[in-house]
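Reminder, nothing fancy here: chain letters follow the sequence lines and each chain counts from 1. Not measured: the values here are computed from a predicted model.
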Protein chains: 2
Amino acid sequence: MKDRDFDNDLAQKGLRRTRHRAAVLSILEQSQQPLSAEEIFMELKAREMPANLSTVYRILDVLTSNNMLQKLNITGGKSLYEYNRMVHRHHLLCLGCKKILAIGSCPLGDFEKDLAKKTDFSIEGHKLDIYGYCPECRKNDSP
Amino acid sequence: MKDRDFDNDLAQKGLRRTRHRAAVLSILEQSQQPLSAEEIFMELKAREMPANLSTVYRILDVLTSNNMLQKLNITGGKSLYEYNRMVHRHHLLCLGCKKILAIGSCPLGDFEKDLAKKTDFSIEGHKLDIYGYCPECRKNDSP
DNA sequence: ATGCAAATGCAAACCTTTTGCATTTATTTT
DNA sequence: AAAATAAATGCAAAAGGTTTGCATTTGCAT
């Protein structure tokens, strides 16, 4: 299985193509879950492409401000990053095992229009996270 | 204008009634905006009831875990706390001046039911924050 | 190949929040 | 009302995540 050409994506944004940047993109593109800076740091090491943690943060910053990644602050603790697939997404977090499911649908459309009318704000976006227990955690916790 | 009896509220929760705790509750009950630990720290000083910042954090923790306050992590930066008025609320944050408006309505009801059905999660709650520009900031930024 | 601007590594700083411990305070017990 | 006890506070230090300054290395244009 061939890797996507992240080098090209970087070039299109006018960003320098470094192994580390391409690797971070690849890691996040392949990940089912949003990852923290430290998880990415460890995965880079696992891929024999170790980078300094501060470099990871700088890469995440630059990729986020170029809209190639999205930064999530679901927990209040450490930030998580996910590959930006350019679709509007929300997240369902399991309070038990902390796994995160991406949710494609969004119920906010009309609500935002109403809100704009009522408050006279221009609405630019929203952040919606949903919390619950996944099927596995519910099974394990109800003996 | 007489203060609410926060001492009684504390007693009902089985918490010790200290001046600082009552003052923190009073500050947040009177505030239009959610406040950070440091803002509360400063307001305590202004009220001639200075407390150590770590004490403020401990008070906020204990009041939050007793449901007297709610902790918000809107920005990803520092946590904000608001008096828990026992109603489901969301927040509209102005990206310009950072002011926060509390929103009473919530469009999530049916969506959560659908989601529970689709994912087999038990849905326990959600966090919805909306971002935009308030009327004042829109005016000032469009010269 | 050469030069320059940008990316990286490293260590230290930063900021918010938490913790350990001695002291003070609120509440319970006598 | 005083003494005993358990919890709250102050203080300083640590923790955890993230950022920054600076020397070195790398990517890219010339």
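With rounding to whole Å, Ile40(A) atom CD1 is found 17 Å from dT8(C) atom C1'. Taking atom CG of Leu63(A) as the reference point, atom C1' of dA7(C) lies 12 Å away to the nearest angstrom. In this structure, CZ of Arg21(B) is placed 11 Å from P of dA7(D), rounded to the nearest angstrom. Between the CD1 atom of Ile59(A) and the C1' atom of dT8(C) there is a distance of 8 Å, given to the nearest Å. For the pair Glu38(A) CD and dT18(D) P, the interatomic distance rounds to 9 Å; values are reported in whole Å. The distance between atom CG of Asp61(B) and atom C1' of dT16(C), rounded to the nearest whole Å, is 13 Å. As rounded to whole Å, 14 Å separates atom P of dT16(C) from atom NZ of Lys71(B). The CZ-P distance, from Phe41(A) to dG17(D), rounds to 13 Å in whole Å.
Comparing Leu15(B) and Lys78(B) by the nucleotide of DNA chain C whose heavy atom lies nearest to each, the residue mapping closer to the 5' end is Lys78(B). Between Thr18(B) and Gly77(B), it is Gly77(B) whose nearest contact on DNA chain C lies nearer the 5' terminus.
If you chain together hydrophobic residues whose side chains sit under 4.5 Å apart, Leu108(A) and Leu101(B) fall into the same group. Hydrophobic clustering (side-chain heavy atoms under 4.5 Å, transitive across Ile, Leu, Val, Met, Phe, Trp, Tyr) keeps Ile74(A) apart from Ile103(A).
Here Arg17(A) reaches the OP1 or OP2 of dC28(D): one of its side-chain N or O atoms lies under 4.0 Å away. Remark: Tyr57(B) is not in phosphate contact with dT18(C), judged by side-chain N or O atoms under 4.0 Å from OP1 or OP2. Close to dG17(D), at under 4.0 Å from its OP1 or OP2, lies no side-chain N or O of Ser79(A).
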What protein N or O atoms touch nucleotides 9-13 of chain C N or O atoms at under 3.5 angstrom, if any, and at what distances?
{"residue": "dG9(C)", "atom": "OP2", "partner": "Asn52(A)", "partner atom": "N", "Å": "2.8"}
{"residue": "dG9(C)", "atom": "OP2", "partner": "Thr55(A)", "partner atom": "OG1", "Å": "2.8"}
{"residue": "dG9(C)", "atom": "N7", "partner": "Arg58(A)", "partner atom": "NH2", "Å": "3.1"}
{"residue": "dG9(C)", "atom": "O6", "partner": "Arg58(A)", "partner atom": "NH2", "Å": "2.9"}
{"residue": "dC10(C)", "atom": "N4", "partner": "Ser54(A)", "partner atom": "OG", "Å": "3.2"}
{"residue": "dC10(C)", "atom": "N4", "partner": "Arg58(A)", "partner atom": "NH2", "Å": "3.3"}

Determine, stepwise, if the pair Thr119(B) / Ile130(A) fulfils side chain to side chain contact (heavy atoms under 4.5 Å, CB included). CA-CA 12 Å; Thr119(B) 63; Ile130(A) 303 160; over 6 Å; no
Where do Asp120(B) and Arg138(A) land on the salt bridge (charged side-chain N to carboxylate O under 4.0 Å, His left out) test, with the steps shown first? CA-CA 10 Å; Asp120(B) 205 23; Arg138(A) 280 200 294 146; 3.1 Å; yes
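Across all strands shown, dT30(D) forms a Watson-Crick or G-U wobble pair, both distances under 3.5 Å, with dA1(C).
Side-chain polar atoms of Ser31(A) and Glu29(A) form no donor-acceptor pair below 3.5 angstrom.
The pair Lys99(A)-Glu136(A) meets the salt-bridge criterion, with a side-chain N (NZ, NE, NH1 or NH2) lying under 4.0 Å from an Asp/Glu carboxylate O.
Here the two rings, on His126(A) and His88(A), have centers that are under 6.0 Å apart.
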